[in-house]
Amino acid sequence: MTGIDTDTARNETLARLAASRAEIRRILEPPPRGSSADSLDSGGSATGGFPRSRTMRMLLSSRGAGTVGAVAFGLVVARPALAFRLLRMLPTGAIGRMLLAKAIWALRSNPRSQSKRE
């Protein structure tokens with residue numbers, strides 16, 4: 001190889017390296033606060049409201065609740081003894097009251113249940 005060939009190959013390699021670094025930065029950096037994807041995922045809390053982290057927003061969304069439910073169901077099916085041991089560590093009474101209150105609130109706010117009562 002001559003000096004020109006090695007310079008060309010080196011420049012091509014550096015260009016590909018710069019492109020891959022830019023792609024990694026784009027993937028790893030959080031989206032800007034004003035983006036439409038952020039406001040859709042967070043339910044309108046793009047101004048720094050609770051929850052700020054993307055993980056907590058995902059867990060508190062309906063998709064996150066389904067994911068947590070699927071993991072819990074899988075744990076009960078695969079290792080029931082471990083699941084019940086973990087369940088004893090949780091404050092089940094408080095969690096049960098929260099779920100019951102949420103269910104009652106959902107039934108009260110459902111317009112179809114309102115029309116059946118009238």
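Small disclaimer: the values here were computed from a predicted structure and weren't measured.
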Across all chains, not counting sequence neighbours, the side-chain contact (heavy atoms from CB on, under 4.5 Å) partners of Ala22 are none
Other members of the hydrophobic cluster containing Leu86, with the 4.5 Å side-chain heavy-atom rule, please. Leu75, Leu82, Met89
Name all residues meeting the side-chain contact (heavy atoms from CB on, under 4.5 Å) criterion together with Arg16; count only those two or more places apart in sequence or in a different chain, and write none if there are none. Thr13
How does the hydrophobic cluster around Met98 look, that is, which other residues are in it when side-chain heavy atoms under 4.5 Å mark a link? none
Working to the nearest 0.5 angstrom, can you tell me the gap between Arg10 CZ and Asp5 CG? 15.0 Å
What distance separates Glu12 CD from Leu14 CG, expressed to the nearest 0.5 Å? 10.5 Å
Members other than Phe73 in its cluster, when Ile, Leu, Val, Met, Phe, Trp, Tyr link by side-chain heavy atoms under 4.5 Å? Val77
Could you work out, with side-chain contact (heavy atoms from CB on, under 4.5 Å) as the rule, every residue matching Leu100, not counting sequence neighbours? Ile104
Shared hydrophobic cluster, Leu90 / Phe84 (ILVMFWY, side-chain heavy atoms < 4.5 Å): yes
Taking only residues two or more places apart in sequence, or in another chain, which ones meet Ser20 in a side-chain contact (heavy atoms from CB on, under 4.5 Å)? Leu17
